[in-house]
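I have placed the structure first, in the form of C-alpha cells, so that the comments after it can refer back to it.
Numbers restart at 1 for each chain; the letters A, B, ... are given by sequence-line order, proteins then strands.
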Number of protein chains: 2
Amino acid sequence: MVEETMSSRSILIVDDEAPIREVIAAALEMAGYRTLEASNAQDAHSIVVDQKPDLILLDWMMPQVSGVEFARRLKRDPLTAEIPIIMLTAKGEEDHKITGLEAGADDYITKPFSPRELVARLKAVLRRSTPAGIDEPIEINGLKLDPNSHRITAHGDELSMGPTEFRLLQFFMSHAERAYTRGQLLDQVWGGNVYVDERTVDVHIRRLRKGLGDEFKSLIQTVRGTGYRFSTKVTETDNS
Amino acid sequence: MVEETMSSRSILIVDDEAPIREVIAAALEMAGYRTLEASNAQDAHSIVVDQKPDLILLDWMMPQVSGVEFARRLKRDPLTAEIPIIMLTAKGEEDHKITGLEAGADDYITKPFSPRELVARLKAVLRRSTPAGIDEPIEINGLKLDPNSHRITAHGDELSMGPTEFRLLQFFMSHAERAYTRGQLLDQVWGGNVYVDERTVDVHIRRLRKGLGDEFKSLIQTVRGTGYRFSTKVTETDNS
DNA sequence: GACATCTGTAACATTTCTGTCACTAAAGCT
DNA sequence: AGCTTTAGTGACAGAAATGTTACAGATGTC
C-alpha cells in the first residue's frame, strides 16, 4: 500500500469494552495515528470538545447513551458536526443502517473486521472529509478537473465519464509523472478493501482514455511490465 | 483465469481436515501459487520457520492449539510477524471478533467460500503486504534512471527499452564500476531460481546497449572471460 | 416496471517481450 | 597464421502483457 505522508491524525475510539478499544488502538497506532479512548458518551464528549479529534470510531451498542444518540448529538452541534464518524456495528445490527445514516455517520464497519479493513476505510473517510486545500481544481495543459463540481473540462468543453474514471483521473492528476502498479491503483482509487481482479484496472484505463478523447488520452501512459502513469511528457515510442 | 507469472508465491494452508486442505490447495495451484500444507500447529510452525511462506491460510478451529493461538504466536515473533494471515472461520464463529483482531489476522473468510473469492482476497492481502518503496533516481553523465516514473532519459530525451533491460540497467547503475558474471546477473536481475541459459544475458546486454544509443552504449563494457561491467571510465583498449 | 448507467469479468485480438539458436566476429594462444 | 574460445548479432516462435469488446448483474431514476 502506498502511504500518504501526513501529520498524524488523532482518532477517538468510543466503546464500552476496554479490550476492543485496545485492539483497535493498537492497530491504528501501528498505522501511524494517534488514538484517544472513551468508554462512554460523557467522556467521549469531553474529549471531542477538548481535543478535537480528526475522526471518531463509535460503537453502536453502548450503555446509557447509545452510539446513535451520541452521533446525532455531535452532528447537531456546529462545533463538532464536521468531525467524521465511523460506526462499528455487530453482525445482525446491519438493519439499523438507515437509522445510523440519519444520525450522521460517515461510514460503517461491521464486526468482525480486519485491522487492514479498518485502516483502509478510515483513510477513505478522512480523505473524503478533509475540508479545504485538497479539493482545489487541478489543471494540466488545458485539461481541468474540479473535485468540487465533479467536472472535467478540456479547453472548456465538458468531458463525461463514470465515477470510477473520475476518481482514477483525479488520482493520476494529483500524482503525475509517477508509475503505479495495478495493485496500487486498486488500493488508492478503489479503496484498500475491495477484492477485484487487477485486469479490471485495464478496462477502466481504457474507459478513461476513451473519455479523455484523442487529444488527452496520450497522457495516460502504459508502463509495460509495471502499470500506468499520468504524464505530460508524451513519447510516441513510449515504453518502460 | 490466466494468472501472473511472478515468481510464484507460496501459501501455507493450515487445517486439520485433509479434504479441505486439498480443495484449497487445488484452487491455489490452479491460480499459480505453490502450496504447503499442515494439519496442526506444530507442523505448521516448522514449515513457517523453514520455508517462509508468503501467506498463511489458517483455520480457526483446530484441535490442540487453536488457530487464534497459533496466529498470536506467529505475530509475537518478529521473524514471522510480517507474514500475513487469513483466517478461515465457519458460520456461527463470526462473533469471535475480538479474539481474531487481537490475534492479528489480516483478513477473514467465512466458510463456505468460493475458490474465486479465496484467490481474490488472497491476492488483495498479498498485494498490500508488498509495498513499493520510493526510490531515488540515479543519474550518471546525463543518463538518468528514475524508478518512480519508470523512465530512462538521456539528457532529457526518453529512451525506450524492455522491462528486463530496465532492471538490468538499474542494477548496473546502482553497482557501477564492478564486473559481474552472467550467473550473478541472472541471480540479481532475473531473480534467484530461474533456469535460463547464460548466453541469454548476452542477448539482453545487446538489447540494452541498443536501447542506450551510441552515446551511452559504451558504458556497458565487456569483461572478457568474466562478464560485464557498467563503468563511466572508458577503457583504453576500446579506443583503437 | 422500463430505462439508463455503471461495474467487474471473461473472451478474444493485438502488441511486445523472452529465451534460444545459428551464425559471424573478435580475442587469445601456440 | 591456424586453431580455440568467447562475445556480438539477427531471426524467430512461443509466452506474456496489454488493448478491446461484449455481456450480465447491480443500481438508480422516472
Side-chain angles (χ1 to χ4, degrees), chain A residues 150 160-169 179-183 185-186 189-191 193-212 214 217-218 220-229 235-240, chain B residues 1-8 30-32 114-117 119-121 123-124 150 160-169 179-183 185-186 189-191 193-212 214 217-218 220-229 235-240:
Chain A
H150 233 260
S160 102
M161 58 184 73
T164 303
E165 286 70 42
F166 185 91
R167 289 198 311 273
L168 192 53
L169 181 59
Y180 292 92
T181 66
R182 293 172 178 72
L185 291 172
L186 282 178
V189 178
W190 272 252
N193 49 347
V194 290
Y195 309 104
V196 170
D197 192 287
E198 296 206 337
R199 283 295 255 114
T200 297
V201 174
D202 296 36
V203 178
H204 282 278
I205 287 283
R206 153 103 168 103
R207 289 168 180 159
L208 174 53
R209 281 174 173 154
K210 199 170 176 185
L212 285 175
D214 289 335
K217 71 179 174 193
S218 58
I220 308 291
Q221 300 166 0
T222 303
V223 183
R224 201 156 235 271
T226 302
Y228 298 93
R229 169 181 60 197
T235 37
E236 334 68 50
T237 345
D238 155 71
N239 240 332
S240 10
Chain B
M1 219 191 294
V2 183
E3 288 313 330
E4 41 218 296
T5 333
M6 200 87 75
S7 47
S8 84
M30 194 101 73
S114 69
R116 194 167 160 8
E117 183 185 0
V119 173
R121 304 182 73 155
K123 268 195 204 168
H150 221 266
S160 120
M161 57 185 72
T164 303
E165 285 71 44
F166 186 95
R167 290 198 308 274
L168 192 53
L169 181 60
Y180 292 91
T181 67
R182 292 172 177 75
L185 290 172
L186 281 178
V189 178
W190 272 251
N193 33 12
V194 285
Y195 73 118
V196 170
D197 193 295
E198 293 208 336
R199 284 307 303 283
T200 297
V201 174
D202 295 36
V203 178
H204 281 279
I205 288 284
R206 152 94 173 114
R207 288 169 180 158
L208 175 53
R209 281 173 173 156
K210 197 170 176 185
L212 286 175
D214 289 335
K217 70 179 174 193
S218 59
I220 309 291
Q221 299 166 2
T222 304
V223 183
R224 203 178 171 81
T226 304
Y228 298 94
R229 170 180 54 197
T235 44
E236 327 71 50
T237 43
D238 285 349
N239 295 344
S240 48

At what distance, to the nearest 0.5 angstrom, does CZ of Arg229(A) lie from CD1 of Ile220(A)?
-> 11.0 Å

Non-neighbouring partners of Arg167(B) that pass side-chain contact (heavy atoms from CB on, under 4.5 Å), sequence neighbours left out = Pro163(B), Thr164(B), Val189(B)

Whole angstrom value for the distance that separates P of dT18(D) from CD1 of Ile220(A) = 15 Å

What is the distance from CZ of Phe166(B) to C1' of dT16(C), rounded to the nearest Å?
-> 17 Å

Would you say dG8(D) has OP1 or OP2 under 4.0 Å from some side-chain N or O of Tyr228(B)?
-> yes

Contacts of type side-chain contact (heavy atoms from CB on, under 4.5 Å), residue Lys210(B), not counting sequence neighbours | Arg206(B)

Assign each of Val223(B) and Asp202(A) to its nearest nucleotide of DNA chain D by heavy atoms, then name whichever residue's nucleotide is nearer the 5' end.
-> Val223(B)

Measure the distance from CG on Leu185(A) to C1' on dT7(C) and round it to the nearest whole Å.
-> 17 Å

Below 3.5 Å is the cut-off: list the nitrogen or oxygen pairs between protein and nucleotides 18-21 of chain C, distance only.
unit_1: dT18(C); atom_1: OP1; unit_2: Thr164(B); atom_2: N; d: 3.0
unit_1: dT18(C); atom_1: OP1; unit_2: Thr164(B); atom_2: OG1; d: 2.4
unit_1: dT18(C); atom_1: O5'; unit_2: Thr164(B); atom_2: OG1; d: 3.4
unit_1: dG19(C); atom_1: OP1; unit_2: Trp190(B); atom_2: NE1; d: 3.1
unit_1: dG19(C); atom_1: OP2; unit_2: Trp190(B); atom_2: NE1; d: 3.2
unit_1: dG19(C); atom_1: OP2; unit_2: His204(B); atom_2: NE2; d: 2.8
unit_1: dG19(C); atom_1: N7; unit_2: Arg207(B); atom_2: NH1; d: 3.4
unit_1: dG19(C); atom_1: O6; unit_2: Arg207(B); atom_2: NH2; d: 2.5
unit_1: dT20(C); atom_1: OP2; unit_2: Asp197(B); atom_2: N; d: 2.8
unit_1: dT20(C); atom_1: OP2; unit_2: Thr200(B); atom_2: OG1; d: 2.8

According to a strict under-4.0 Å criterion, is Arg209(A) in side-chain N/O contact with OP1 or OP2 of dG19(D)?
-> yes

Between dT18(D) and Arg182(A), is there an OP1 or OP2 to side-chain N/O distance shorter than 4.0 Å?
-> yes

Footprint string (nucleotides 24-30 of chain C, 5' to 3'): B base within contact, S backbone only, - free, heavy atoms under 4.0 Å = --BB---

Applying salt bridge (charged side-chain N to carboxylate O under 4.0 Å, His left out), name anything that partners Arg182(A), two or more places apart in sequence or on another chain.
-> Asp202(A)

Residues in ring pair (Phe, Tyr, Trp, His ring centres under 6.0 Å) with Phe166(A), at least two apart?
-> His150(A)

Side chain to side chain contact (heavy atoms under 4.5 Å, CB included) between Lys123(B) and Asp197(A), worked out | CA-CA 9 Å; Lys123(B) 268 195 204 168; Asp197(A) 192 287; 4.0 Å; yes

The side-chain hydrogen bond (donor to acceptor under 3.5 Å, both in side chains) partners of Thr200(B) (sequence neighbours excluded) come to none

Just how far, in rounded Å, is C1' of dT9(D) from CG of Leu208(B)?
-> 15 Å

Residues that Tyr228(A) engages under ring pair (Phe, Tyr, Trp, His ring centres under 6.0 Å), provided they are two or more places apart = none

To the nearest angstrom, how far is Gln221(B) atom CD from dA7(D) atom P?
-> 15 Å

Go through the structure and list residues passing side-chain contact (heavy atoms from CB on, under 4.5 Å) with Arg224(B), not counting sequence neighbours.
-> none

Would you work out how much the helix from dG1(C)-dC30(D) to dT30(C)-dA1(D) bends between its ends, with each end axis defined by five base pairs, to 10 degrees?
-> 30°

Does Thr222(B) put a side-chain nitrogen or oxygen below 4.0 Å from OP1 or OP2 of dT6(D)?
-> no

Side-chain heavy-atom pair Leu212(B), Leu169(B) within 4.5 angstrom cut-off = yes

Just jot down the side-chain contact (heavy atoms from CB on, under 4.5 Å) partners of Val203(B), sequence neighbours excluded, or say none.
-> Arg207(B)

